[in-house]
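Here's the structure we're looking at; comments come further down.
Protein chains get the first letters and strands the later ones, always in sequence-line order, with residue 1 at the start of each.
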2 protein chains.
Amino acid sequence: MTDTATDLPAATPGSKSEQAYQAVKARIVEGTYTPGYRLVLGSIAKDLGVSVVPVREAIRRLEAEGLVTFERNVGATVAGIDPTEYLYTMQTLSIVEGAATALSAPLIDPAAIARARAVNQEMRECLDHFDPVRFTRLNQDFHSVLFEHCPNPHILDLVHRGWNRLASLRSSTFRFVPGRARDSVEEHENLLKLIETGADAEQIEKAARLHRSATLDAYLAQANNP
Amino acid sequence: MTDTATDLPAATPGSKSEQAYQAVKARIVEGTYTPGYRLVLGSIAKDLGVSVVPVREAIRRLEAEGLVTFERNVGATVAGIDPTEYLYTMQTLSIVEGAATALSAPLIDPAAIARARAVNQEMRECLDHFDPVRFTRLNQDFHSVLFEHCPNPHILDLVHRGWNRLASLRSSTFRFVPGRARDSVEEHENLLKLIETGADAEQIEKAARLHRSATLDAYLAQANNP
DNA sequence: AGGTACGAAATCGTATACGATCACTATCAC
DNA sequence: GTGATAGTGATCGTATACGATTTCGTACCT
């Protein structure tokens, strides 16, 4: 449940190309390669014990997902933390998560609700211990539970891409606003209640969007008042 | 305005890889390669006068966009017209177009409205001459005008991807429901009125979504009653 | 006759090699 | 001393080559 992997074109497991893709992606998502890190084909190829061709392919795939930027005849670097990009990503995520939640809502059974609630409780505890990394992962777990039976895999894929994009800049703390995080937990609870009571799709979508866009607003407010 | 090209990672123009990407994509979008067509690396490479490596890269990119499917050690084929896929794509498009419209609305000036109206008028004429291909292209033009100043390029990119995906199966006529197309034109006009009068974002988004999801519904209804 | 097993052709996946392009530095002219 | 310029090293982009895998046709067996 913790894996944020998953992509539509699951691309031939076992191939060197796939291996390189997973390896580099993992290093980016877990923060070994931080934004701005220069990805040199030859070095990575040597590291992984493969030739440069599959590595190149992996890098281009990561580029398509927005995790790295690529410049002709210069090379690839881990995608940056440009605030504008952050805004774009969060805004898009707000929309696709909202849609995914609304579409999934009718298919969420009480057992799943209970599991989601348990995850949310863990998040609450994280707040006391101030553990942003774990908090972020649990936040994804929470939504993963809701999206388990999402009827539209395309939308789900867009959600995952957004998560990966954000993960690449998780290491920098600028995203984490403690006060905001506390609200987040409450919004989760409200969302669960709406789903339980079978609220209409429109209402659920609105609530799910708010949850993400409020985080964005909090960040923007913080960015403007240093 | 007619070009539906544009992708986020604009990828080094002039490279053989980019050249191959554009060429194959064009053949798919314009219907030279129809769904199910087998894309053989060697053949394409010979056609384009390049080696297989850049062609392979191009194909993988197209795979990431959903235009082709790829199977390990077997090869690539132009993505099919599976009704389920169609549903997924239209549903997703409904959502991202809705968002793009709502975000763009406040930035659309009267001149742009006028241009959009002119395009819509052309579409009306297309209905009389029964020209589905032109109609579809004009439909994209119409929305392109609205999205000219879309403040979120990520969302705009998702819209373009959806369009490309649909274009790959345009040649098959199963999508075109004449009665539905007529409604479409009216909905365009309504949408323009909402934008002109400065309706709130929620209302505009709803109208923009309806426009796409109603087309989907019409298709589904037709598919169920043969 | 039908089905299975084998073999050849086609195609893919990756390694290696080499030319092209770019960044960086040291040198030279002014 | 400062600017431009040529040289050098590093890295990318692509071609070619070859082993691996699949597919398809054919022959053989039941």
Worksheet item: Aromatic rings His188(B) and His211(B): how do their planes relate, parallel, tilted or perpendicular, breaks at 30° and 60°?
Response: tilted

Worksheet item: Within a strict 4.5 Å, meaning less than it, do heavy atoms of the Met123(B) and Leu127(B) side chains meet?
Response: no

Discussion item. Is there a side-chain contact between Ser51(B) and the phosphate of dT14(D), meaning an N or O under 4.0 Å from OP1 or OP2?
Written reply: no

Worksheet item: Among the nucleotides dT14(D), dC12(D), dC12(C), which one has an atom lying closest to any side-chain atom of Val40(A)?
Response: dC12(D)

Worksheet item: Which whole-number value in Å describes the distance from Arg38(B) CZ to dC12(C) C1'?
Response: 9 Å

Discussion item. Angle between ring planes, Trp163(B) versus His160(B), binned at 30° and 60°: parallel, tilted or perpendicular?
Written reply: perpendicular

Response to the item:
Result for 5'-nearest mapping on DNA chain C, choosing between Val53(A) and Val74(A), is Val53(A)

Discussion item. I want to verify a distance call: between dT11(D), dT22(D), dA15(C), whose nearest atom is closest to the Lys16(A) side chain?
Written reply: dA15(C)

Worksheet item: So what does Leu39(B) touch, heavy atoms closer than 4.0 Å: a base, only the sugar-phosphate, or nothing?
Response: sugar-phosphate

Practice prompt. Please check if any side-chain donor atom of His149(A) sits under 3.5 Å from a side-chain acceptor atom of Asp109(A), or the reverse.
Written response: no

Worksheet item: Between Glu71(B) (CD) and dC12(C) (C1'), how many Å, whole number?
Response: 12 Å

Worksheet item: Atom CZ of Arg56(B) to atom P of dA15(D): distance rounded to whole Å?
Response: 15 Å

Discussion item. Without decimals, in angstroms, what is the distance between Lys46(A) NZ and dA15(C) P?
Written reply: 15 Å

Worksheet entry | Options dT14(C), dC12(D), dT21(D), nucleotide nearest the side-chain atoms of Pro54(A) | dT14(C)

Worksheet item: Separation of Asn73(B) atom CG from dT21(D) atom P, in whole Å?
Response: 7 Å

Worksheet item: Okay, side chain of Ser43(A), backbone of Leu39(A): is any donor-acceptor separation there less than 3.5 Å?
Response: no

Practice prompt. Round to the nearest Å and state the distance from Glu57(B) atom CD to dA15(D) atom P.
Written response: 12 Å

Worksheet item: Expressed in angstrom and rounded to an integer, what is the separation of Leu41(B) atom CG from dT14(D) atom C1'?
Response: 15 Å

Discussion item. Whole angstroms only, please: what is the CD-C1' distance between Gln19(A) and dG13(C)?
Written reply: 13 Å

